[in-house]
Amino acid sequence: MDDHHASPEVIAAVFHGVAVSDATAIVVVEPVDGALHVSWSNEKAVGLLGYAREDLRVLPVEQLLPTLAGGELKLLLRRERAVRMTLPVRGASGALLECVVSAVPAPAGRRWTVRLTSTANETERALRATADAHERRFSTLTERSPIPTLLSEQGMRLAHVNDAFCALVGRQAEQLLGTGWMCTVHPDDLDAVIEEAAAVLGGGGEAGEGEATARLVRADGTERTTVIRFSHLFTPGVGAGFVGTIEDITERLAFEARLAHQANHDPLTGLPNRTLLADHVAARFRPGEGRLACIFLDLDNFKVVNDSLGHAAGDQLLVELARRLRATVRPGDLVARFGGDEFVVVCQDVGEAAAVALAERIGEALRQPVALGGVELRPAASVGVTVQTAEHTAAEELIRDCDIAMYQAKAGGKGRITVLDSQARARAREKLLLVAELREAIERREITLMYQPIFSTEDGTAVAVESLARWQHPVRGAITPSTFVPLAEESGLVSGLGLLVLDETCRQLAAWDAELGPAAPARANVNVSALQLDANLHGHVESALQRHGLHPCRLSIEITESALMKDPAAARTVLLELRDLGVQVSIDDFGTGYSSLAYLRRLPVDCLKVDRSFVAELADGHSEITSAVIALASSLGLCTVAEGVETLEQAEQLALLGATYLQGFCLAAPLTGTDAATWFAAQHDAEARP
């Protein structure tokens, strides 16, 4: 026989002893037909409760323990461990007898042995009196406390609640005492609260403490989210209980929710912002799985609305279009405001055809008329569509690609829908790479300058140089200005590039002064992009001159005709500031744009540069335009520089037509700073010789 198991004779002896014991009342409880009943009792239990043995054997547990609600009964009759409570037990006469009730589960968890011990003796009554005194002191202490507080001395049954808790749940104290307080806990949170309270009652948890987050349901049906903190409490003569303090975190959670919403949503339209958009796409992106699409929209001519009707009308238009977008997309699609007048729609489980169809529906919805400031508008947008492919390895590539597709749509004529294909994606990525490399080249000052001399037609001497930016890529080789300058303008790098050219030119002039003295070039011409023609240009030029100790007359700023004509009035203001500083101003590529002669007369410029295309026509016997430009400049009191002079015949003909200065390969090619120093020194020596 296994030593760990008692023999049937021993078990029978134990059960007989228990059955006839006059020291401890014991009943056995088990479920019968879905309800808990007493199925067995010993002699002491029969004597204590006053039932006939037959009646006691089928007695429902709710009748024996009438004060227990369902939750508390579950707590007493736990399957995994013994539980002890002090409870009133109803006898056969109907009277309630205060007892310590100890329930021990059988190994199978379907039957409990319940021991009943009456507390009606002198010692217990004395302990009870002490406990009552403690309870009164505790009640007095917590009565006026602003912290909602519960006090239990008998398991889950409350002996006291303070006014703050009553106010929190909107109920009277008498409704909450006993197990009434459990009705205020939201049904979905009740199990968690019971579990935590049970652990504390059993002395578990860290230092006999526990905490549960639960919703409390007020009498009016509203809910408050709370944190209930339990602390173990043992009252001699009564048993284990707890003190519960409640923190109402409803307002704090609402405030945190508002902050989170503000951090992730656009305040004007209420749509998710760029941050939430990125998180949304990242959470749904699965490399190689596809079926995720992004639609990028940029409103056409939105600036016209702002400029003509005001920014308030522009905001009103954005709000209306956001509403239309939300109403047009499918349930589950995300609509985000990317920034300004740009929106992004994210769709799941779609192919290219479905994404394009949705983009078309969106375009149709946007084109519906809207009245703003007494004007009826029909908004339109350029739309880029990208559907995830196997080439996409990261979520941000999707948004970037649909952004590129949108720009392609806008470049194609606005109001269009463009789907980014693989070739376009490859070109775009190559362009992005080149932009990144250009940015690094500017930051590392790897953009170098060449200097081409400019000659006077009066005596043939070199009077100035034009600074020409060059980019020698370490892998790609020489990249022409016609490639990288427009790229810098498109990518917002032109300001940095322009500052580099301006500063390096001034530095080189100062270096030549120190090396060559009077043989140094008298002036340098620096080209300025249309994007640099703003209120900051004057300050940048002045700073560069001061930084290198140069007089303003040593610099001439060249601005293209087309740049000046974009906003002649604003350009005139900038040019006047430069002229006041003492810097000369030239109009580059004159004759290739659409100059207003009236504005030309008002613009404070010193020189017109005759475009090389007109100079080239001289070889074909066509000198009309070149002659007209030189004559126009002369009549306005301006000098002229003819650029692109390729032959000595052109140089002689331009001198005869009255050009002031000449620039071209047949006269001098662009030189490095070092070579230019040697070249100007030689020129100076030659001029000095008799």
Side-chain angles (χ1 to χ4, degrees), residues 254-284 292-348 350 355-386 395-396 398-407 409-410 414-418:
F255 179 68
E256 291 174 351
R258 286 197 298 274
L259 287 180
H261 186 275
Q262 291 171 3
N264 292 298
H265 290 77
D266 168 45
L268 176 65
T269 62
L271 293 177
N273 62 12
R274 206 163 171 163
T275 302
L276 188 53
L277 168 68
D279 293 344
H280 181 86
V281 176
R284 289 155 182 78
L292 190 62
C294 289
I295 301 173
F296 200 114
L297 303 98
D298 182 274
L299 300 184
D300 295 332
N301 302 316
F302 181 68
K303 186 174 185 300
V304 175
V305 175
N306 273 338
D307 293 345
S308 58
L309 301 178
H311 288 277
D315 288 350
Q316 189 178 346
L317 177 60
L318 292 175
V319 171
E320 169 60 18
L321 296 186
R323 185 195 65 77
R324 292 182 184 183
L325 283 171
R326 281 192 293 250
T328 306
V329 299
R330 309 171 311 161
D333 292 344
L334 178 81
V335 180
R337 186 183 179 194
F338 196 73
D341 57 343
E342 298 173 332
F343 298 88
V344 174
V345 177
V346 182
C347 319
Q348 288 182 266
V350 294
V356 171
L358 177 58
E360 291 173 343
R361 289 203 305 274
I362 290 173
E364 182 63 28
L366 296 186
R367 282 191 291 274
Q368 298 303 309
V370 56
L372 288 175
V375 179
E376 184 178 278
L377 304 177
R378 289 183 179 271
S382 299
V383 183
V385 177
T386 296
E396 56 268 22
L398 265 182
I399 300 176
R400 183 202 61 199
D401 282 357
C402 70
D403 189 8
I404 293 170
M406 183 276 294
Y407 275 104
K410 194 169 281 289
K414 299 182 179 178
R416 301 165 63 98
I417 297 174
T418 298

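Taking all atoms of both residues into account, the shortest heavy-atom contact from V281 to C294 is CG2-SG, 4.5 Å. The two residues A355 and V385 have their closest heavy-atom pair at CB-CG1, 3.8 Å. Taking each heavy atom of P369 and R378 in turn, the nearest pair found is CD-NH1, 3.5 Å. Between R326 and L271 the shortest heavy-atom distance is NH1-CD2, 3.1 Å. Considering all non-hydrogen atoms of both residues, P272 and L276 come closest at CB-CD2, 3.5 Å.
Under the 3.5 Å distance criterion, the side-chain polar atoms of R337 are matched with a main-chain donor or acceptor of G340. Side chain of N273 to main chain of A263: a donor-acceptor pair is present (N/O by atom type, distance under 3.5 Å, no hydrogens or angles). No side-chain donor-acceptor contact under 3.5 Å links R323 to the backbone of V319.
The structure places CG of L377 at 6.5 Å from CG of L317, a figure rounded to the nearest 0.5 Å. Interatomic distance, CD1 of I404 versus CZ of F296, reported as 10.5 Å (0.5 Å rounding). Going from atom CZ of R284 over to atom CG of L292 covers 8.5 Å, rounded to the nearest 0.5 Å. T418 OG1 to Y407 OH: the interatomic distance, rounded to the nearest 0.5 Å, is 13.5 Å. Taking NE2 from H311 and CG from L318, the interatomic distance works out to 11.0 Å, rounded to the nearest 0.5 Å. The CD1 atom of I362 sits 11.5 Å away from atom CG of L321, with the distance rounded to the nearest 0.5 Å.
Proximity of L366 to L297: side-chain heavy atoms (C-beta onward) are separated by under 4.5 Å at one or more points. Using a 4.5 Å heavy-atom threshold, the side chains of L358 and V350 count as separate. A 4.5 Å side-chain heavy-atom check between R330 and R361 finds at least one atom pair inside the cut-off. Contact check for C347 versus D333: side-chain heavy atoms found under the 4.5 Å cut-off.
Salt-bridge check for E364 with R367: passed, with a basic side-chain N closer than 4.0 Å to an acidic carboxylate O.
No side-chain donor-acceptor contact under 3.5 Å links N264 and T275.
Checking D307, N306, N301, D300 one by one against K303, the side-chain hydrogen bond (donor to acceptor under 3.5 Å, both in side chains) holds for a single residue, D307.
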